[in-house]
Amino acid sequence: MGDASQCPKCGTPREVQGRGAIHEIDVAHHGETWDQAEQFIILGLRTAIEMRCKALRVIHGYGASSGVSVIAPRAISLMRHLAETHDARFAKDQSNPGVSLIWLNKGRSKKLANEVYFKHESLSSSKSPSENWFDLAQQKKH
């Protein structure tokens with residue numbers, strides 16, 4: 001009686017629909033600046049939590065053709081930081097080096113979604129480099 005892995009009405013795979021879906025955003029293919037990409041990732045995580053998705057999948061690219069990559073390494077660092085801060089798990093997509101995921105634990109609330117937005121909104125606008133999430137993430141690597 002049809003394929004159970006797809007919606008019978010539209011053919012969309014079940015994994016991208018409703019509760020338990022993987023929320024996907026693309027911050028690499030529309031001329032985004034890093035500041036825009038950062039906000040899209042933060043808001044994407046908030047949306048994924050509010051929609052009770054099982055993960056946020058971010059297409060960040062793997063670098064520029066010029067050899068200078070701005071969004072990819074920062075997106076990965078931000079996603080690692082968000083995952084660590086909010087009891088989630090960061091993972092790189094095994095089949096695509098330009099994609100990473102934040103796997104969310106069950107039971108996330110709207111309160112956490114608000115914390116994600118407001119905590120990182122203030123961090124990204126901080127003028128002190130020592131309080132910047134990217135600098136903190138870089139220091140943890142060393």
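Judged as a salt bridge (charged side-chain N to carboxylate O under 4.0 Å, His left out), not a single pair has a partner in residues 26-36 (not counting sequence neighbours).
Summarising the geometry of Cys53 relative to Ala21, their closest heavy-atom pair is CB-O, 3.0 Å, with the distance given to 0.1 Å. Between Trp103 and Ala55, the closest heavy-atom pair is CE3-CB, 3.4 Å. Listed here is the closest heavy atom pair of His60 and Ser100: NE2-OG, 2.8 Å. Listed here is the closest heavy atom pair of Gly61 and Ala72: O-CB, 3.3 Å.
Rounded to the nearest 0.5 Å, atoms NE2 (His23) and CG (Leu56) are 6.0 Å apart. If you take CE on Met79 and CG on Leu82, they are separated by 8.0 Å, rounding to the nearest 0.5 Å. We find the CZ-CG distance between Arg57 and Asp93 to be 5.0 Å, quoted to the nearest 0.5 Å. Here the CZ atom belonging to Arg80 is positioned 13.0 Å from the OG1 atom belonging to Thr85, to the nearest 0.5 angstrom. Taken from CD in Gln39 to CH2 in Trp34, the straight-line distance is 9.5 Å, to the nearest 0.5 Å. Atoms CD1 and CD, from Ile42 and Glu38 in turn, are 4.5 Å apart once rounded to the nearest 0.5 Å.
Side chains of Arg89 and Ile102 form no contact here, defined as non-hydrogen atoms less than 4.5 Å apart. Residues Val27 and Ile71 meet the side-chain proximity criterion, which asks for heavy atoms closer than 4.5 Å. The side-chain heavy atoms of Lys54 and Leu104, taken from C-beta on, include no pair separated by under 4.5 Å.
Note: the hydrophobic cluster containing Ile59 does not contain Ile41 (ILVMFWY, side chain heavy atoms under 4.5 Å, direct or indirect links). Both Ile25 and Val70 sit in one connected hydrophobic cluster of ILVMFWY residues. Membership requires side-chain heavy atoms under 4.5 Å apart, directly or through other members. Under the 4.5 Å side-chain heavy-atom criterion for ILVMFWY residues, a single connected hydrophobic cluster contains both Leu45 and Phe40.
Partners of Asn96 under the side-chain hydrogen bond (donor to acceptor under 3.5 Å, both in side chains) rule, at least two apart in sequence or in another chain, do not exist in this structure.
Distance alone, capped at 3.5 Å, places no donor-acceptor pair between the Glu84 side chain and the His81 backbone. A distance-only check finds a donor-acceptor pair linking the side chain of Asn105 to the backbone of Asp87 [under 3.5 Å].
Between Arg46 and Glu50, at least one side-chain nitrogen of the basic residue sits less than 4.0 Å from a carboxylate oxygen of the acidic one, meeting the salt-bridge criterion.
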